[in-house]
*Asks:* 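Quick one: the structure is below, and I'll ask about it shortly.
Basis for what follows: all heavy atoms, side chains included, without hydrogens, waters or symmetry-related copies. Every chain is numbered from 1, with letters handed out A, B, ... down the list of sequences.
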There are 2 protein chains.
Amino acid sequence: MDERKQKVLRAIIMDYISTADPVGSRTIAKKYNLGVSSATIRNEMADLEEMGLIEQPHTSSGRVPSDKGYRYYVDHLMDEDDLVGGEKDIIRAFFTDRFNRLDQLYHETCKVLSELSPYVTMIMTPVKSSGTLEQLQLIPVSPFQAVLVLVTDVGLVHHRTVDFPVPVSEERLKEVGQILFKRLKGRNIDDVNITLMREISGELKEELDIVDSVFEMMSDAVKSSGEEKVFLEGTLNILNQPEFNDVKKVKEVLSFLQDEKILRELLHGKNGIGMNFSIGDELSHDEINRCSMITCTYSINGNTMGNIGILGPTRMEYARSASLIKEVAKELSNVLDHNEKK
Amino acid sequence: MDERKQKVLRAIIMDYISTADPVGSRTIAKKYNLGVSSATIRNEMADLEEMGLIEQPHTSSGRVPSDKGYRYYVDHLMDEDDLVGGEKDIIRAFFTDRFNRLDQLYHETCKVLSELSPYVTMIMTPVKSSGTLEQLQLIPVSPFQAVLVLVTDVGLVHHRTVDFPVPVSEERLKEVGQILFKRLKGRNIDDVNITLMREISGELKEELDIVDSVFEMMSDAVKSSGEEKVFLEGTLNILNQPEFNDVKKVKEVLSFLQDEKILRELLHGKNGIGMNFSIGDELSHDEINRCSMITCTYSINGNTMGNIGILGPTRMEYARSASLIKEVAKELSNVLDHNEKK
DNA sequence: TTTAGCACTCGACGATGATGAGTGCTAACA
DNA sequence: TGTTAGCACTCATCATCGTCGAGTGCTAAA
């Protein structure tokens with residue numbers, strides 16, 4: 001793979017990324033002055049095609065990068081595309097705002113990213129919040145109802161309404177709450193399971209009816225906190241991409257993205273740390289085999305916590321999107337660090 | 001408007017609703033045996049067109065109902081379309097499930113509706129929850145952080161993380177929480193404003209730094225609870241409708257529906273009680289002037305609380321959708337009643 | 001090794017004509 | 001007087017066909 005071939009490949013990919021039209025030898029000779037004529041470039045292109053890096057949709061049309069071509073580009077040719085100054089400012093400014101709730105922070109972050117890029121963006125909240133229980137409180141509402149509030153050490157708050165089969169006085173409720181708290185404080189939140197429940201129930205025999213109801217809601221809260229939540233934005237962005245000018249394709253991809261389980265899977269991907277590119281078939285889902293995805297991990301105090309992702313057509317702006325996602329991941333980690341320290 | 005004209009109009013609308021093709025005189029003569037020939041029907045159709053109830057996309061094509069035609073149909077011709085037995089069962093069964101959280105209930109309800117109808121569905125949570133404060137609690141997390149929990153009498157629970165500028169001991173926090181609760185208990189949640197805050201601040205002079213932070217979060221919670229939240233589902237359903245086989249239209253409508261303020265407006269609509277039909281231009285938004293919307297109010301203990309809506313092309317199944325929405329509203333009201341009584 | 005020249009391919013686009021669904025009108029009929 | 005059969009007419013749809021042009025591969029000369 002000599003240098004000129006690389007230059008030609010890069011030129012093809014960059015042109016195709018910005019125009020979405022198959023690119024011909026003449027275009028390259030004119031727009032990207034490589035100092036050789038279109039005929040020479042044609043020869044190079046024939047070679048590149050033989051190597052499987054580019055393809056011809058049909059005889060006598062320009063060339064289009066193949067998945068393999070994009071992969072080569074991402075691995076070897078791509079410049080670090082520094083964002084326009086203004087964009088970095090937007091991201092910074094965004095993260096100096098205060099967020100009252102954690103889910104709001106994720107949601108808004110995802111949204112900002114979707115406004116800065118013309119693709120679908122997603123953020124997955126921390127993996128299996130391996131948090132410990134910091135607080136547990138039962139707040140009386142009526143004789144038959146109370147609100148259960150759980151706080152974990154990573155600052156997550158859950159609440160559930162608990163219904164009791166029998167009336168419960170405020171005093172009794174308070175007592176039970178305190179006992180439960182004492183027993184559960186500092187424990188890993190995943191430990192809230194049947195075994196533990198049995199154990200505690202034994203101790204609280206008289207209050208069995210209350211404890212049962214509370215435990216039910218507690219495990220419900222734990223279950224939903226255990227699952228990583230995925231925020232999705234910018235789904236309509238892809239309607240602007242020429243590869244989605246067919247309603248059938250739009251439907252296929254958008255329906256596919258409706259399933260949160262799928263999104264989690266996509267974001268987990270190769271769960272290495274840092275940036276990750278998956279191109280076309282590498283995503284191994286037929287529904288999005290004409291798409292690529294860039295993911296990046298973010299962290300709290302250095303511990304990898306979750307993933308941010310951008311999904312676009314294989315013809316996406318890899319360099320720009322990567323810089324974008326990296327910047328956002330950095331700033332998000334920053335904010336979460338601060339939040340944690342307090 | 002004699003009876004035969006009505007029959008013809010109804011036939012045209014029903015046929016168009018199910019086929020989406022302009023319907024001709026011959027089709028009607030054959031499929032809906034009105035006992036007259038196509039020529040006669042042609043004459044009737046000419047009259048109906050003169051009355052503005054149907055239209056011809058171009059000379060020599062079949063007729064298509066106009067907005068006015070649909071309006072006449074909805075007002076005078078529509079049968080109460082009883083749902084297929086199975087569907088009612090599905091709805092019933094759905095509502096016998098238990099829901100741990102109120103927002104989950106709304107969300108799932110919206111989803112069920114979107115699965116039973118091929119259109120976009122939405123549910124708006126209670127209008128300006130004019131609830132009173134039932135509970136207020138400050139749960140310590142760290143010296144600089146606490147969780148504020150608010151419970152209103154309609155069973156809504158809000159929580160916010162409060163940051164303090166100075167360390168606060170658990171005892172002080174408890175004290176402040178109790179004083180605040182005493183002062184605010186039973187008050188309308190909208191009353192939490194600056195005046196009241198001043199009043200209470202005066203009383204709690206020593207704890208000003210704490211109270212300030214708490215109030216900030218409180219008004220944030222109140223603000224977000226004051227706004228009616230809208231749940232939206234089935235947006236992808238419309239991709240199956242032939243009127244949306246053009247990506248441009250899809251984009252226009254879907255982008256339009258992204259704005260929650262717009263959705264609130266649509267659902268408020270003519271805020272009478274019960275069922276409401278808005279057809280085409282009656283929605284007074286150009287982006288959806290080829291759509292119709294059916295809304296229905298639901299209630300808690302007889303007090304009208306919020307709205308459920310179905311949005312589809314003007315060629316939507318009015319009767320079926322209306323029955324569907326009515327049934328769901330009934331069952332939802334039912335569940336909410338029960339929830340309230342406890 | 002590079003380049004100019006040339007024949008060739010093939011999708012896009014516009015014009016053309018056939019097809020058929022559907023209409024309005026008229027005249028005959030009950 | 002209302003209904004119907006017949007007929008001429010309209011117009012969207014669709015397939016066909018030729019043109020155009022972008023782009024290629026190959027060859028021969030520089």
*Asks:* Detail all sub-3.5 Å separations between protein N/O atoms and N/O atoms belonging to nucleotides 11-19 of chain D.
*Replies:*
residue, atom, partner, partner atom, Å
dC11(D), OP1, T59(B), OG1, 2.9
dC11(D), O4', S60(B), OG, 3.2

*Asks:* Taking side chain to side chain donor-acceptor pair (under 3.5 Å) as the definition, give me every residue that meets it alongside D75(A), ordered by chain and number, with sequence neighbours left out.
*Replies:* R71(A)
*Asks:* Would you call R315(B) and E243(B) a salt bridge, using N to O less than 4.0 angstrom?
*Replies:* yes
*Asks:* I would like to know whether E260(A) and R264(A) meet salt bridge (Lys or Arg N to Asp or Glu O under 4.0 Å); could you show each step before the answer?
*Replies:* CA-CA 6 Å; E260(A) 195 169 330; R264(A) 271 199 284 272; 3.4 Å; yes
*Asks:* Please indicate whether K326(B) has more than 12 foreign heavy atoms, meaning atoms of other residues, nucleotides or ligands, lying under 6.0 Å from its NZ.
*Replies:* no
*Asks:* Decide, yes or no, whether a salt bridge links R320(B) with E87(B) under the criterion of side-chain N to carboxylate O below 4.0 Å.
*Replies:* yes
*Asks:* Which parts of residues 13-42 of chain B get close to DNA chain C, meaning a heavy atom less than 4.0 angstrom away?
*Replies:* G24(B), S25(B), R42(B)
*Asks:* Give, ordered by number, those residues of residues 62-70 of chain A having at least one heavy-atom distance below 4.0 Å to an atom of DNA chain D; if nothing qualifies, reply none.
*Replies:* G62(A), R63(A)
*Asks:* Grab the two heavy atoms, one from T19(A) and one from K31(A), that are nearest each other, plus how far apart they are.
*Replies:* CG2-NZ, 4.5 Å
*Asks:* Any idea which heavy atoms bring R10(A) and L77(A) closest together, and the distance?
*Replies:* NH2-O, 2.7 Å
*Asks:* Quick test of your reading of the model: are K111(A) and E233(A) salt-bridged, counting only N-O distances below 4.0 Å?
*Replies:* no
*Asks:* Between S292(A) and Y119(A), is any pair of side-chain heavy atoms under 4.5 Å apart?
*Replies:* no
*Asks:* Just wondering, more than 12 heavy atoms not from K7(A) lying within 6.0 Å of its NZ?
*Replies:* no
*Asks:* Output one letter per nucleotide in nucleotides 12-18 of chain C: B when a protein non-hydrogen atom lies under 4.0 Å from the base, S when only the sugar-phosphate is that close, - when neither is.
*Replies:* -------
*Asks:* The criterion is side chain to side chain donor-acceptor pair (under 3.5 Å); which residues satisfy it with S321(B), sequence neighbours excluded?
*Replies:* none
